[in-house]
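What follows is one structure encoded as structure tokens, with my remarks underneath.
Here the structure is a predicted model, which means the values were calculated and not measured. What's counted below: heavy atoms across the whole structure, side chains too, no hydrogens, waters or symmetry copies. So that the names make sense, note that chain A is the first sequence line, chain B the second, and so on, each numbered from 1.
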Amino acid sequence: MSTVFLALQTNEETRPIIEAILQDNPSAVVDEQPAMVKINADGRLVVRRQTIEELTGRDYDLQELQVNMITMSGNLDQTDDEITLFWKA
Amino acid sequence: MSTVFLALQTNEETRPIIEAILQDNPSAVVDEQPAMVKINADGRLVVRRQTIEELTGRDYDLQELQVNMITMSGNLDQTDDEITLFWKA
Amino acid sequence: MDMTVAKKKLGLKERYAVMTRGLDWTPSYQKMEDIYPYIAYEGIKIHDWDKWEDPFRLTMDAYWKYQAEKERKLYSVLDAFTQNNGHLNVTDARYLNTVKLFLSGISPLEYVAHRGFAHAGRQFPGPGPRVACLMQSLDEIRHAQTQVHAVSNYNKYYNGMHDFHHAHDRVWFLSVPKSFFDDAITAGPFEFMVSIGFSFEYVLTNLLFVPFVSGAAYNGDMAAMTFGFSAQSDEARHMTLGLEVIKFILEQDPDNVPIVQRWIDKWTWRGYRVLTLVAMMMDYMLPKRTMSWKESWEIYFEENGGALFKDLARYGIKMPQCAEQIALEKDHLSHQAWSTFYNYAAAANFHTWMPDEDEMEWLSAKYPNSFDKLYRPRYEFWREQAAKGNRFYNKTLPMLCQTCQIPMIFTEPGDPTKICYREVDYKGDKYHFCSDHCKAIFEHEPEKYVQAWLPVHQIYQGNCFPEGTDPTVEGFDPLAAVLKYYNLEHGRDNLDFDVSEDKKNFAEWRGQATKNI
Amino acid sequence: MDMTVAKKKLGLKERYAVMTRGLDWTPSYQKMEDIYPYIAYEGIKIHDWDKWEDPFRLTMDAYWKYQAEKERKLYSVLDAFTQNNGHLNVTDARYLNTVKLFLSGISPLEYVAHRGFAHAGRQFPGPGPRVACLMQSLDEIRHAQTQVHAVSNYNKYYNGMHDFHHAHDRVWFLSVPKSFFDDAITAGPFEFMVSIGFSFEYVLTNLLFVPFVSGAAYNGDMAAMTFGFSAQSDEARHMTLGLEVIKFILEQDPDNVPIVQRWIDKWTWRGYRVLTLVAMMMDYMLPKRTMSWKESWEIYFEENGGALFKDLARYGIKMPQCAEQIALEKDHLSHQAWSTFYNYAAAANFHTWMPDEDEMEWLSAKYPNSFDKLYRPRYEFWREQAAKGNRFYNKTLPMLCQTCQIPMIFTEPGDPTKICYREVDYKGDKYHFCSDHCKAIFEHEPEKYVQAWLPVHQIYQGNCFPEGTDPTVEGFDPLAAVLKYYNLEHGRDNLDFDVSEDKKNFAEWRGQATKNI
């Protein structure tokens, strides 16, 4: 399966988000670049609201990710609960 | 008369405020310090909302100055229209 | 039990439907083709506009909220950076030349992108793409503005940025990015979406905004990092839109596939050629290197683009043919570009220089197949000549490619010792091309590309001198006249970095900032 | 005409009245003296609490709004600074020692100030001062938090900051700021307001937050600039409150004048002694000097304080007597302090060093009456000794002043060659003082100051070793045991900067950040 990725700014707001992604995606691998964190995963990567909320102890709206997102690869689908990046082939 | 002063952060928000102060206070003298601007005046210094509004072309609430103020000297009186710093002696 | 249950808020998908399709209406007293006059002529067939959905499901209310937050953060950082004399923290003053290139070459494109999306979005009968294009149009003008704001701080101290918009419309090499975007906005709305939304945004902007901005961050430029990543956070949405537009068009009708394939082929190549500037920024202009152009290309085009085209294969879309030539060029692109700008340093709005010994070693390590053999000897010769007082400035005018407008500097695919040269005769005139791909683009739409405003031709025709210039007087200095027309000052805005005022001032100011005497 | 006229919003003064006095009520079933038990015993007479008005007329709703904006800006900048590896942009690694001193010496005081204002505010029957104290209490905990956040980034890379709160409660010289604030919060509410609100905030904090933070900005520390000025924006309000409290108390009753005068005399001196640390930060610890301690003192105390006391003269208040001695000390304070810390570098949580030649010249120029004659020869001798491998670390314990807790390092007013020494016998014990002013403070409240926790006495009494230490075993090393108790690692957190891990790491990291090989 091809790699999907999500790149986020390296800052305090994204720390728990990255932690949540690693927790929810066994194939996710962190690639630390200058000033940014790129998370690669095999074919599919899910960002789950609930996991972020558990880690931060506050309500989280997945649209907040707009502020700290840098780039990504893959088809995207966003609901209230999840952002999914995926390749179909 | 003793000197009153007001020190503000050097940034884009304070530029028109400093300009307004210089316009409204003939005795005001600017002392540029690293990362801050100190404005000294003889006995009395007035910050006028209307002048700032004329220079910026937008409504201005003098309480916004809280955000960029660093320090000051003198007795203070604030109304909706003016902040005044003054010594009585 | 009589528990009161809170009324559930609308979910994201319902909110999106209500705030896009829910706000649309069917015109009654005007014909659809009068309202959307550009929608048919490109041959794209759309049967159901409602199938278009923004996968982020971003609605205008949320858009304003998050964009406002981005702006607040950005301006807090820019203000603090300026207040702190942050410009003195860049690795060294050579870095500033990336900023000049960015401001005069890229920021004006953001503004044109704003106009392009405003225009294209207006043409689509579907409310989904209209809202998405509106957001992107606003994003793009934001980028133009924040870049100008961020760079205005540098403009107080360093040369070459004083009239960037004037430069963009006149300086020879800036016709490369300018003509690229002009080409896109003069296409139909569907081609515009494929050219900018898909090919440029999805396939190529990562190469501009991600490794370069990340590199700027580690070259001490907090301002570029901040506006760059703030812009790129919008790009993530643009990329999604770009991919969605392609899938939507392809799914609507099989007749669309060959049209879209041709556009992808064309615009991948056009965009790649523009990125020549970025290749040289990465490999030569960031004093602290963080990733080579070749590495960036491999990650963001070969790996990522590879995955993308594999995914699109189900629609019958193939990786553009030009990818093969690009693969052959990746060992050469940045070096050939830097050599050109080193040559033409007298006519540019930024400075160039020869890499130092450590930098040569880094280039050798990153380009083991090409650097030591082909480019190092050339650089060593130039360096030697410069040390003897013969710093070479090329004052002749180069032949330009009719399509990409880049001087004919690229070599034959597979033979990096021979300049690649193609030509076409069209209606009695001869046209020159840097490559088979640029030639093929011309051949498909010759009536468009014969109109190209080529800086070299224009200079020769006397159109790039200040008004009233008489090029026939004795001792006429054409370069001096052209620089005047560019509003660049000879000896200050151009020439080698080593003799620049920027270098001298930076050293002096940084000295003042650290010494007590 | 039937124009509708918008109802005018309340003006600032009316809003202030409604949101402070308008929210107050008179207790009916509890006695005032039970609700406000501490209000009478200091002897201050208040007849009309409503005469107290915040001249900024800041109400809680506006307070939250502007504080939230300050926080958003601050954290945007801190995040960007960290993301950008901003710590590598400070002038040189010596600078970091100011951060260590700030964090362990000053930030914990912000927290105590938070508690102090929460406590004092609760005691005032007037709603005006209660609201103002509540805001200041919130400000102060904000300062403690933002400072800790800002410095946590440095703590990832540099030594000595790992357990700052533990250090604050134990390390010898930190008992100076700690005991100062403990003294204030154990006073009555009126004295607390005069000590911290007026003497410290109005008369002295400018010297800490303004020229030092401004200097930090030009030493490349955007984090310190940002938290410092963000805190100081609150201080401007605190200063106004401090001045207002004095005027209010003085206007209420002439009997209050002598009480207030005594407090002003005491707390100006107490605060000035604490600023000894700041004097040395300005003159020795900012690699790029921006203003000398003496210049700061002249602007912010002599000129500004002079204007203030001239203004207060109408109430019968005079410039504190100690100002005369301070004027004599301004040529010596920072040098005597730095000499002490140079001596005791083995027992501190930061590094010290000898100024380089350029810095010595700067000191000569700023202190023409004292530096070359008295301090340069001493430094040159130490430097010479260090070059020979005899860097001097004083391992004996100094005698401390019972009031300010500073070692007896200060010289006689008017004779900078003779240590100033005063003593008092009280209930069979002898107490030592650094000055007439510290002695007088003790004599007025001996029962308070005999309780002082003096680090040197505590070490001698065996109270500053890790639990279970046996100081009678052979070869017992008291310094090693004390450092363990401080949670400081010998050879890493202490000693000369020249041999520090900080210096080595910073050089290596900055090298990595600028070199490509």
Side-chain angles (χ1 to χ4, degrees), chain C residues 68-92 95 213-214 216-227 229-230 283-284 286-290 292 355-366 510-517, chain D residues 68-92 95 213-214 216-227 229-230 283-284 286-290 292 355-366 510-517:
Chain C
E69 194 174 330
K70 289 179 191 175
E71 290 284 274
R72 271 196 299 266
K73 277 173 182 268
L74 172 69
Y75 283 101
S76 299
V77 176
L78 283 188
D79 258 4
F81 181 75
T82 309
Q83 186 177 9
N84 195 233
N85 275 346
H87 70 98
L88 295 176
N89 288 335
V90 301
T91 33
D92 75 53
Y95 169 79
V213 171
S214 164
Y218 272 28
N219 276 270
D221 188 356
M222 193 185 283
M225 174 188 84
T226 304
F227 81 67
F229 283 155
S230 187
D283 283 345
Y284 288 87
L286 288 178
K288 168 67 185 173
R289 272 64 164 175
T290 51
S292 71
D356 68 22
E357 214 36 57
D358 279 358
E359 290 165 344
M360 295 255 206
E361 268 188 61
W362 182 87
L363 289 161
S364 296
K366 294 295 181 184
R510 189 179 267 184
Q512 280 176 5
T514 51
K515 300 273 179 302
N516 295 302
I517 299 289
Chain D
E69 194 174 330
K70 289 180 191 176
E71 289 284 273
R72 271 196 301 264
K73 277 173 182 267
L74 172 69
Y75 282 102
S76 299
V77 176
L78 283 187
D79 258 4
F81 181 75
T82 309
Q83 187 177 7
N84 196 233
N85 275 346
H87 70 98
L88 295 175
N89 288 334
V90 301
T91 34
D92 76 53
Y95 169 78
V213 170
S214 165
Y218 272 27
N219 276 270
D221 188 354
M222 193 185 284
M225 174 189 84
T226 304
F227 81 67
F229 283 156
S230 187
D283 283 345
Y284 287 89
L286 289 178
K288 169 68 187 173
R289 270 65 165 179
T290 50
S292 71
D356 68 22
E357 214 38 56
D358 279 358
E359 291 166 342
M360 294 255 207
E361 268 187 62
W362 183 87
L363 289 162
S364 295
K366 293 296 181 185
R510 189 179 266 185
Q512 281 176 6
T514 51
K515 299 273 177 302
N516 294 302
I517 303 286

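Among D:M225, D:K73, D:E69, D:Q512, the residue making the largest number of heavy-atom pairs under 4.5 Å with chain C is D:M225. In terms of heavy-atom pairs under 4.5 Å with chain C, the best-connected choice from D:N85, D:N219, D:T91 is D:N85. Comparing D:T290, D:L78, D:D79, D:V77 by how many heavy-atom pairs each has under 4.5 Å with chain C, the most go to D:V77.
Contacts of C:A513 with chain D are made by backbone atoms alone, with heavy-atom separations under 4.5 Å and no side-chain atom involved. The contact between C:F81 and chain D is made by backbone and side chain atoms together, counting heavy-atom distances below 4.5 Å. At a 4.5 Å heavy-atom cutoff, C:D92 makes no contact with chain D through either its backbone or its side chain.
In this structure, NZ in D:K515 is found 12.5 Å from CZ in C:R289, a value given to the nearest 0.5 Å. To the nearest 0.5 Å, atom OG of residue D:S76 and atom NZ of residue C:K70 are 14.0 Å apart. To the nearest 0.5 Å, the span separating CG on C:D356 from CG on D:N516 amounts to 7.5 Å.
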